[in-house]
Amino acid sequence: MRRMIDLHCHTWFSDGLLSPQDLLSRAAGLGISHLAITDHDSVAAHMTISAADIPDGMRLIPGVEISTLWENREIHIVGLFIDTANTPLIALLQRQQAKRRERALDIGLKLEKAGITGLNDYLADLPCEAVSRNHIADFLIAGGHASSKQQAFSKHLGKRGRYHSNADWCGVSEAAKTIHGAGGIAVVAHPDRYKLNKIKLRRLLSEFIAAGGEALEVSYSNLHPEKMRNLADLCCELDMWASIGSDFHTPNTTWMDLGRVRKLPAHCENRALWLHPRWSGTAS
Ligand code: AMP
Ligand code: MN
Ligand code: MN
Ligand code: MN
């Protein structure tokens with residue numbers, strides 16, 4: 001059977017547009033054979049999916065994407081094959097969700113001071129469990145305060161934005177340990193998006209590995225082939241597993257659609273996550 005794998009995507013339980021069921025239908029239509037749903041700081045999607053929702057022949061992998069702080073940078077750690085009922089994991093996700101709500105309230109107050117009201121009501125109507133700046137960007141665009149997502153982040157919500165607010169996320173090591181403790185494989189998501197130089201990226205990865213982290217996303221949307229080769233080299237050098245994922249959020253961004261990622265470079269094919277013992281060891 002042809003394998004088409006996507007190990008990173010979002011539903012409306014975080015900042016994705018689709019319900020878990022619609023996401024699964026779309027994945028099936030695109031020929032995805034193995035899908036991990038990895039919402040930001042939430043496993044609610046997995047709780048709502050019943051066996052009947054999973055399209056014939058598809059394997060659904062329980063996942064999550066945890067926001068962390070490392071040296072003052074936000075680093076995203078994906079967890080795959082997690083036990084979604086694991087108590088320490090659930091407790092960590094609840095703390096993260098509370099931080100998300102606090103941050104949204106703080107941004108709401110900053111907006112009100114600038115005369116922009118209604119954020120709380122807007123957020124209350126969303127189906128999400130993990131409230132995201134992505135939702136706040138939508139609110140700003142709908143109100144005519146930003147012309148695009150990019151602009152909403154650069155002008156308003158990003159580190160240098162007018163309404164920026166910090167969240168005190170857990171550390172990288174805590175996320176890796178918790179995922180590992182929940183039986184999962186911890187993966188550093190989209191490693192080139194953090195503006196880390198080579199030395200810092202290696203330092204991050206050595207801390208991550210020391211805490212039980214195992215894998216690196218090597219292929220994902222919008223990644224230049226040369227950067228992908230560099231990440232594959234790093235994966236080999238550090239003896240890590242290689243993951244792939246689109247980071248799909250919405251059908252509107254066609255360049256980030258489900259499964260729309262390059263194949264792993266040949267020299268790291270032997271590190272592909274689907275060769276990890278956990279992949280075949282879990283009943284599907
Ligand atoms: P949060 O997890 O609340 O910090 O929000 C970050 C989310 O917003 C990411 O997961 C992306 O989905 C989205 N995002 C971040 N930066 C941008 C950007 N510059 N343009 C569009 N979406 C972004
Ligand atoms: Mn997102
Ligand atoms: Mn991410
Ligand atoms: Mn993501």
Side-chain angles (χ1 to χ4, degrees), residues 6-18 23 35-43 45 61 63-70 72-80 93 95-108 119 122-123 126 128-141 146-161 163-170 172 175 179 186-196 204 215-217 219-223 243-258 260-261:
D6 193 330
L7 301 176
H8 185 157
C9 65
H10 299 272
T11 74
W12 69 20
F13 283 102
S14 63
D15 57 349
L17 191 72
L18 303 183
L23 181 80
L35 183 77
I37 295 180
T38 55
D39 275 314
H40 297 287
D41 297 313
S42 167
V43 291
I61 294 150
V64 69
E65 180 176 18
I66 301 179
S67 292
T68 74
L69 272 183
W70 184 80
N72 216 16
R73 283 184 167 81
E74 294 201 8
I75 309 289
H76 289 180
I77 305 296
V78 162
L80 301 172
L93 298 182
R95 289 197 295 278
Q96 296 275 110
Q97 287 163 21
K99 288 172 184 178
R100 287 179 169 278
R101 287 191 294 271
E102 276 165 34
R103 183 183 56 166
L105 284 175
D106 188 42
I107 295 173
L119 177 65
Y122 177 86
L123 295 178
L126 296 175
C128 66
E129 180 176 68
V131 58
S132 160
R133 283 181 301 171
N134 212 351
H135 299 119
I136 304 178
D138 286 336
F139 167 80
L140 290 171
I141 294 166
S147 58
S148 66
K149 278 271 159 81
Q150 199 57 44
Q151 203 204 33
F153 275 88
S154 60
K155 266 180 75 180
H156 301 313
L157 302 170
K159 252 189 178 166
R160 292 195 193 86
Y163 312 114
H164 176 73
S165 174
N166 276 317
D168 180 26
W169 304 128
C170 68
V172 166
I179 289 166
V187 187
V188 174
H190 39 67
D192 83 311
R193 290 198 200 146
Y194 308 124
K195 300 192 176 82
L196 294 167
L204 163 69
L216 193 62
E217 276 185 357
S219 176
Y220 45 94
S221 306
N222 284 338
L223 179 64
S243 188
I244 64 177
S246 63
D247 202 4
F248 171 84
H249 285 72
T250 157
N252 302 328
T253 52
T254 47
W255 61 93
M256 280 176 81
D257 210 341
L258 290 163
R260 201 160 169 172
V261 289

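Starting from 1, each residue takes its place in the sequence as its number. These numbers come from a predicted model, not from an experiment. Start at 1 and go down the list; that is how both ligands and their atoms are numbered.
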**Request:** Compare all side-chain heavy atoms of Val78 with those of Leu7 and state whether any distance is below 4.5 angstrom.
**Result:**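 Counting from C-beta outward, Val78 and Leu7 never come under 4.5 Å.
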**Asked** Should Thr68 and Glu74 count as side-chain neighbours, where that means a heavy-atom distance under 4.5 Å?
**Response**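 In short, these two side chains do not touch, never coming nearer than 4.5 Å.
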Pairwise distance [atom1]([X]) to [atom2]([Y]) - rounded to 0.5 angstrom:
X	Y	atom1	atom2	answer
His10	Thr38	NE2	OG1	4.5 Å
Asn166	Asp106	CG	CG	9.0 Å
Cys9	Leu23	SG	CG	4.5 Å

Looking only at protein heavy atoms, identify the closest one to [atom] and say how far it is in Å.
atom	result
atom 20 (N) of ligand 1	Gln150 OE1, 3.6 Å
atom 6 (C) of ligand 1	Arg133 NH2, 3.9 Å
atom 9 (C) of ligand 1	Asp15 OD2, 4.0 Å
atom 14 (N) of ligand 1	Phe153 CZ, 3.4 Å

**Asked** At a non-hydrogen distance cut-off of under 4.0 Å, which region of Arg103 contacts ligand 1 (side chain, backbone, both, or neither)?
**Response**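 It is the side chain that gets close, since no backbone atom is under 4.0 Å.
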**Item:** Shortest-distance N, O or S atom of His10 relative to the Mn ion (ligand 4)
**Value:**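 Closest N, O or S atom of His10 to the Mn ion (ligand 4): NE2.
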**Request:** Could you tell me which N, O or S atom of Glu65 is nearest to the Mn ion (ligand 4)?
**Result:**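 Nearest N/O/S atom: OE1.
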Numbering the atoms of ligand 1 from 1, which are under 4.0 Å from a heavy atom of [X]?
X	result
Lys149	21 (C)
Ser132	1 (P), 3 (O), 5 (O), 7 (C)
His40	10 (O)

**Asked** Do the ring centers of His164 and His156 come within less than 6.0 Å of each other?
**Response**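 Between His164 and His156, the centre distance exceeds or equals 6.0 Å.
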**Message:** In terms of relative ring orientation, are Tyr122 and Phe139 parallel, tilted or perpendicular, with 30° and 60° separating the classes?
**Reply:**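 Ring orientation of Tyr122 relative to Phe139: tilted.
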**Message:** Parallel, tilted or perpendicular: which one describes the rings of Tyr220 and His190, with boundaries at 30° and 60°?
**Reply:**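 Perpendicular: the ring planes of Tyr220 and His190 meet at over 60°.
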**Request:** Please determine which of His40, Glu129, Glu102 meets the side chain to side chain donor-acceptor pair (under 3.5 Å) test together with Gln97.
**Result:**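 Testing Gln97 for a side chain to side chain donor-acceptor pair (under 3.5 Å) against His40, Glu129, Glu102 leaves exactly one candidate, Glu129.
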Taking 2.8 Å as the cut-off, does [X] contribute an N, O or S atom near the Mn ion (ligand 3), distance below it?
X	value
Asp247	no
His8	no
His40	no

**Prompt:** Are any side-chain N or O atoms of Arg133 and backbone N or O atoms of Leu157, one a donor and one an acceptor, separated by less than 3.5 Å?
**Reply:**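 Checking the backbone N and O of Leu157 against the side chain of Arg133, a donor-acceptor pair under 3.5 Å is found.
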**Any Arg100 heavy atom less than 4.0 Å from ligand 1** =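 It does, in that a heavy atom of Arg100 comes within the 4.0 Å cut-off of ligand 1.
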**Request:** Check all N, O or S atoms of His190 and name the one closest to the Mn ion (ligand 3).
**Result:**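 Result: NE2.
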**Prompt:** In His76, the N, O or S atom nearest to the Mn ion (ligand 3) is which?
**Reply:**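 The Mn ion (ligand 3) is closest to the His76 atom ND1, counting only N, O or S.
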